[in-house]
Amino acid sequence: MVDADERRRRIVDAALRLVVIGGLAAATFRKVAAEAGLNVGSVRHYFADHESLGVAVVTEVGDRMGRRLTRHPAPGEGDREAAKRHLLAVVEELVPLDDERHREAIVLMEVIAASRITPAFEPVVRQMASDLHQVLTEGLAAAGVADPAQEAIHLAALISGLSLDAVTPHGAIDRTTIRAVLDQHIADV
């Protein structure tokens with residue numbers, strides 16, 4: 001008996017690996033099927049088109065990030081330094097500081113860029129941006145920042161820029177630099 005959830009997960013994981021290696025264009029149904037050890041019909045059974053597979057891949061990345069964020073419960077109220085440490089821990093879950101987060105950042109960058117011309121990606125990208133803004137705003141409010149919503153915009157831009165520079169030749173910054181920049185920024189808020 002085929003476990004539908006397991007098979008779908010296998011397909012999404014295979015597509016994710018291919019996107020990391022060669023971008024969204026590399027995740028064709030034929031290549032995904034081969035990577036997952038399945039036939040093309042099996043991939044088509046779960047995904048109607050390339051866009052729905054791409055949405056599933058970026059949704060999986062977002063879910064992974066969300067699960068990591070739940071490992072960092074918010075501190076009690078009134079302890080600004082604890083709130084800043086919590087905020088830093090949360091932000092570090094969202095930037096490419098290890099191989100897993102590096103792969104996730106590649107997928108996010110691919111889908112964010114593709115959302116400009118592929119309408120199917122726009123809703124998931126907008127939702128992820130909204131979720132990020134909410135998480136950052138809450139963390140900044142707990143840290144006592146005067147205008148947490150505005151500062152969340154700045155911090156999200158910093159996260160995006162660091163991630164872009166880490167996964168492309170644009171900046172090619174290393175993990176130590178990312179961590180130092182984030183440490184300094186959070187200390188300064």
Is the shortest side-chain heavy-atom distance between L136 and V91 below 4.5 Å? yes

Do the side chains of L24 and V40 join up, straight or via other hydrophobic residues, at under 4.5 Å, putting them in one cluster? yes

Heavy atoms, side chains only, cut-off 4.5 Å: are L108 and M128 in contact? yes

Show the numbers, then the answer: is there a side chain to side chain donor-acceptor pair (under 3.5 Å) between E138 and H133? CA-CA 9 Å; E138 289 170 2; H133 184 77; over 6 Å; no

On a heavy-atom basis, the closest approach of I117 and P119 is O-CD, 3.4 Å

Are L69 and L132 linked, directly or through other ILVMFWY residues, by side chains that come within less than 4.5 angstrom of each other? yes

With side chains defined as the heavy atoms from C-beta onward, is the minimum distance between E122 and Q127 less than 4.5 Å? no

Just so I know, are the side chains of R9 and E60 near enough to count as touching, which here means a heavy-atom distance under 4.5 Å? no

Quick check on E6: does its CD atom have over 12 non-hydrogen neighbours (other residues, nucleotides or ligands) under 6.0 Å away? yes

How long is the gap from OG on S115 to CD1 on I112, to the nearest 0.5 Å? 7.0 Å

Looking at R116, I'd like to know if its CZ atom is crowded, meaning that more than 12 non-hydrogen atoms belonging to other residues, nucleotides or ligands lie closer than 6.0 Å. no

Could you grab the distance from atom CD of E151 to atom CG of D188, nearest 0.5 Å is fine? 9.5 Å

Report yes if some heavy atom in the side chain of S163 is under 4.5 Å from a heavy atom in the side chain of M109; otherwise report no. yes

Looking at R126, I'd like to know if its CZ atom is crowded, meaning that more than 12 non-hydrogen atoms belonging to other residues, nucleotides or ligands lie closer than 6.0 Å. no

Side chain to side chain, F121 and V58, heavy atoms closer than 4.5 Å: no

Can you check whether L16 reaches R64 side chain to side chain, under 4.5 Å on heavy atoms? yes

Please give me the minimum heavy-atom distance between Y46 and R7, naming the atom from each residue. CE1-CG, 3.4 Å

Distance-minimising heavy-atom pair for A142 and A83: O-CB, 3.3 Å

Do Q184 and V181 pass the side chain to side chain contact (heavy atoms under 4.5 Å, CB included) test, and can you show the C-alpha distance, the side-chain angles, and the key distance before you say yes or no? CA-CA 5 Å; Q184 187 61 57; V181 168; over 6 Å; no

Please confirm whether the backbone N or O of H170 pairs with a side-chain atom of T168, one donor and one acceptor, at under 3.5 Å? yes

Determine the sole option in L155, L87, T137, V189 for which the side-chain contact (heavy atoms from CB on, under 4.5 Å) test with V145 is passed. V189

Kindly indicate, with the supporting measurements, whether the criterion salt bridge (charged side-chain N to carboxylate O under 4.0 Å, His left out) is fulfilled by D98 and R101. CA-CA 5 Å; D98 60 23; R101 290 177 278 182; 3.0 Å; yes

Evaluate the criterion side chain to side chain contact (heavy atoms under 4.5 Å, CB included) for residue pair V111 and V57; output intermediate values, then yes/no. CA-CA 9 Å; V111 174; V57 168; 5.9 Å; no

Interatomic distance, D131 atom CG to Q134 atom CD [nearest 0.5 angstrom]: 6.5 Å

Nearest heavy-atom contact between A36 and I11 is CB-CA, 4.4 Å

Give the intermediate values and the outcome of side chain to side chain contact (heavy atoms under 4.5 Å, CB included) for residues F47 and V32. CA-CA 11 Å; F47 299 98; V32 169; over 6 Å; no

What's the spacing between H154 NE2 and L140 CG if we round to 0.5 Å? 11.0 Å

Which of R85, E93, E92, H86 passes side chain to side chain donor-acceptor pair (under 3.5 Å) with H72? Answer is E93

Taking NZ, NE, NH1 and NH2 as the nitrogens, is one of them in R8 or D3 under 4.0 Å from a carboxylate oxygen of the other? no

Contact summary for L94 and M65, nearest pair of heavy atoms: O-CE, 3.8 Å

Rounding to 0.5 Å, atoms CD1 (I178) and CD1 (I173) come to a distance of 4.5 Å

Check whether any side-chain heavy atom of L182 lies under 4.5 Å from a side-chain heavy atom of R179, and answer yes or no. no

Checking R30, R10, R17 against E35 for salt bridge (Lys or Arg N to Asp or Glu O under 4.0 Å), the one that qualifies is R17

How far apart are the closest heavy atoms of K84 and A143, and which atoms are they? CG-CB, 4.0 Å

